[in-house]
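Each remark here refers to the structure printed beneath this line.
For ligands, and for the atoms within them, numbers begin at 1 and follow the listed sequence. Heavy-atom basis, side chains included; hydrogens, waters and symmetry copies ignored.
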Amino acid sequence: MIERQESSAEVYERLKIDLRKSIPESVVPDFELKYKAELVSQIMELKRQKNAVILGHNYMEPVLFHTVPDFKGDSLELSKRAAETNADIIVFCGVHFMAETAKILNPSKKVLIPSLDAGCSLAEGIKPANLVWLREKYPHLPIVSYINTTADVKALTDVCCTSGNVNQVIAWAKKYFNVPSVIFLPDKYMAGNVANDLSMDLYFPTQDSVKSEAEVTEKPTIIGWNARCYVHEQYTPQLIEDVRKDYPGAVILAHPECPPNVIAKSDFSGSTSAMTKWVTENGANKKIALLTECSMADNIVTTHPELNENLIRMCNIRCKFMHAITLEQTLDALKFDQYEVNIPKSIRRPAEVAVRRMMAIS
Ligand code: SF4
C-alpha cells in the first residue's frame with residue numbers, strides 16, 4: 001500500500017498536538033510551527049521521491065526529531081539501521097563521525113550530512129598520528145576507540161565501542177588479545193569511568209612522560225587519551241548538590257561522557273538510549289535530572305507527556321554541533337545532495353573491521 005503524503009496543514013495540526021505537550025507556545029509560537037510544518041512536508045516529499053532514509057540522533061531539536069527521521073536513537077542503534085537500509089540515500093541528522101560510520105557500513109549508498117559544522121569535540125581531540133605513536137609505545141596492547149572518532153582513527157583501531165557497550169568491549173578486548181591492559185581513546189572521562197567500573201588502573205601517557213609497556217601491564221590498566229566532550233564536561237558535583245537541594249529525592253541520570261566525580265554522585269549512568277529507557281520505565285512520580293544534551297528531555301516528553309513535570313532540564317547545556325543540523329539544512333541536503341560523505345577504500349575497509357567487531361560483540 002502506498003502511504004499518502006501528509007500536507008503541510010496536516011503536519012501543522014499533528015505538530016500542534018504532539019509538540020505542545022513539551023514545548024509551550026511561548027517557546028515555539030504557532031506561526032513558527034506552521035513554517036516548520038511546510039519544511040517537514042517538503043522534506044517528506046523529497047525523501048519519498050529520492051528513496052532516502054533519514055536517521056535522527058537523540059540530541060536533535062524536538063521538531064526535527066519528531067517529524068522527519070525514519071529511525072531515531074543513539075550511535076549504536078543508528079549504525080545498525082545504516083548497515084541494514086535498502087534506501088539509495090542516507091541523510092544523517094547527527095554529527096559527522098556518525099555519517100562516516102554509516103558510509104563505512106554501507107558504502108554503496110550515498111550518505112549525506114546536512115551541515116559541515118556538525119563536528120564533535122571528542123572526534124576532533126585525536127588524530128591518526130596519535131594512534132601511530134601509541135602503537136609504537138605499546139605494540140602488544142589492543143586499541144579500543146569510542147565511536148566518536150573519525151574514520152581515519154577507526155582505521156587504526158582494533159575494535160570500536162559506544163557508551164552503551166564500552167565495558168563489554170573492553171572486557172572482550174582483554175580476553176581476546178590475552179592482555180591485562182587496553183588503550184582506550186579518546187574520551188578522558190569515559191576512560192576514568194570504565195576504569196572505575198572494571199576496577200582497572202588509569203594512566204594517561206604524554207609526549208614528555210611515557211611508562212613502558214611492562215609498567216602499564218603490571219596491573220590491569222586503561223591507557224587513556226585527553227579528549228573531552230565539551231557538553232558533558234560542564235556538569236559538576238556542585239551542580240548535582242544544587243539539584244538535590246532544590247529537588248529533594250530527585251534521581252540523577254548521567255551520561256558516561258561526564259567526569260568520574262559527577263558519575264560518582266549520580267544514581268544511574270548509561271547511554272542516551274539507556275537513560276531514555278530508564279526514564280520511561282521508572283520515571284512516574286519522580287523528579288529526574290538528565291545530565292546530557294538538553295534536547296533529549298524535550299524529545300522524551302513529546303512521546304511521554306505524563307513525564308513533563310518530572311524532568312528537570314538544564315538547557316544552558318547544549319551541543320552546538322548537534323544543533324548545526326536544522327530542518328532547513330535537511331531540506332537542502334535532499335534538494336542538492338549535500339554534503340556527501342566519502343571515505344577512501346584504504347581507510348574504509350580497516351575501519352569497517354573495527355566497527356563490525358563491535359557490532360558482533362554487542
Ligand atoms: S554532545 Fe559531546 S560527544 Fe556528542 S556530538 Fe556534541 S561534543 Fe560530540
Side-chain angles (χ1 to χ4, degrees), residues 55-62 64-65 69 72-79 82 92-102 113-127 144-151 153-154 157 160-166 184-194 224-236 239 253-260 262-263 266 269-276 289-300 313-326 329-330 339 341 355 358:
L55 307 180
H57 189 266
N58 288 330
Y59 292 161
M60 289 294 103
E61 61 98 359
L64 188 156
F65 186 78
K72 299 180 268 196
D74 62 15
S75 297
L76 181 59
E77 288 161 341
L78 296 179
S79 297
F92 214 119
C93 290
V95 291
H96 195 266
F97 74 81
M98 297 176 182
E100 278 193 333
T101 308
I113 179 91
S115 168
L116 292 177
D117 293 330
C120 170
S121 64
L122 276 173
E124 284 157 21
I126 185 134
K127 304 288 175 218
V144 177
S145 287
Y146 192 25
I147 198 84
N148 297 32
T149 44
T150 52
V153 164
K154 288 185 176 79
T157 291
C160 289
C161 69
T162 67
S163 56
N165 60 25
V166 55
F184 170 72
L185 48 88
D187 189 334
K188 171 186 175 175
Y189 298 135
M190 196 178 288
N193 292 323
V194 174
W225 198 250
N226 196 24
R228 278 110 54 208
C229 163
Y230 92 101
V231 176
H232 290 95
E233 80 168 339
Q234 293 176 57
Y235 290 108
T236 61
L239 189 139
L253 276 60
H255 192 275
E257 288 166 14
C258 293
V262 168
I263 299 294
S266 304
S269 173
S271 67
T272 53
S273 290
M275 290 165 98
T276 303
L290 297 179
L291 307 194
T292 190
E293 217 283 340
C294 172
S295 295
M296 211 177 82
D298 289 333
N299 289 336
I300 292 173
R313 276 99 152 160
M314 279 159 275
C315 282
N316 55 326
I317 299 187
R318 289 187 178 272
C319 177
K320 65 179 177 184
F321 301 115
M322 288 285 183
H323 288 271
I325 305 292
T326 61
Q329 282 162 316
T330 305
Y339 296 93
V341 174
V355 176
M358 168 191 78

Heavy atom of the protein closest to atom 4 (Fe) of ligand 1 (residue, atom name, distance)
Y59 CE1, 4.1 Å
Can you check side chain to side chain contact (heavy atoms under 4.5 Å, CB included) on T149 and I126, steps first, answer last?
CA-CA 8 Å; T149 44; I126 185 134; 4.2 Å; yes
Can you tell me how far apart OG1 (T292) and NE2 (H232) are? Round to the nearest 0.5 Å.
3.0 Å
Does a side chain donor of either H323 or S295 reach within less than 3.5 Å of an acceptor in the other side chain?
yes
Distance (rounded to the nearest 0.5 Å) between H255 NE2 and S266 OG:
12.5 Å
Under 4.0 Å between a side-chain nitrogen and a carboxylate oxygen: does that hold for R313 and D298?
yes
What is the total of protein N/O/S atoms that are closer to atom 2 (Fe) of ligand 1 than 2.8 Å?
1
Pair F97 + F321: ring centers closer than 6.0 Å
no
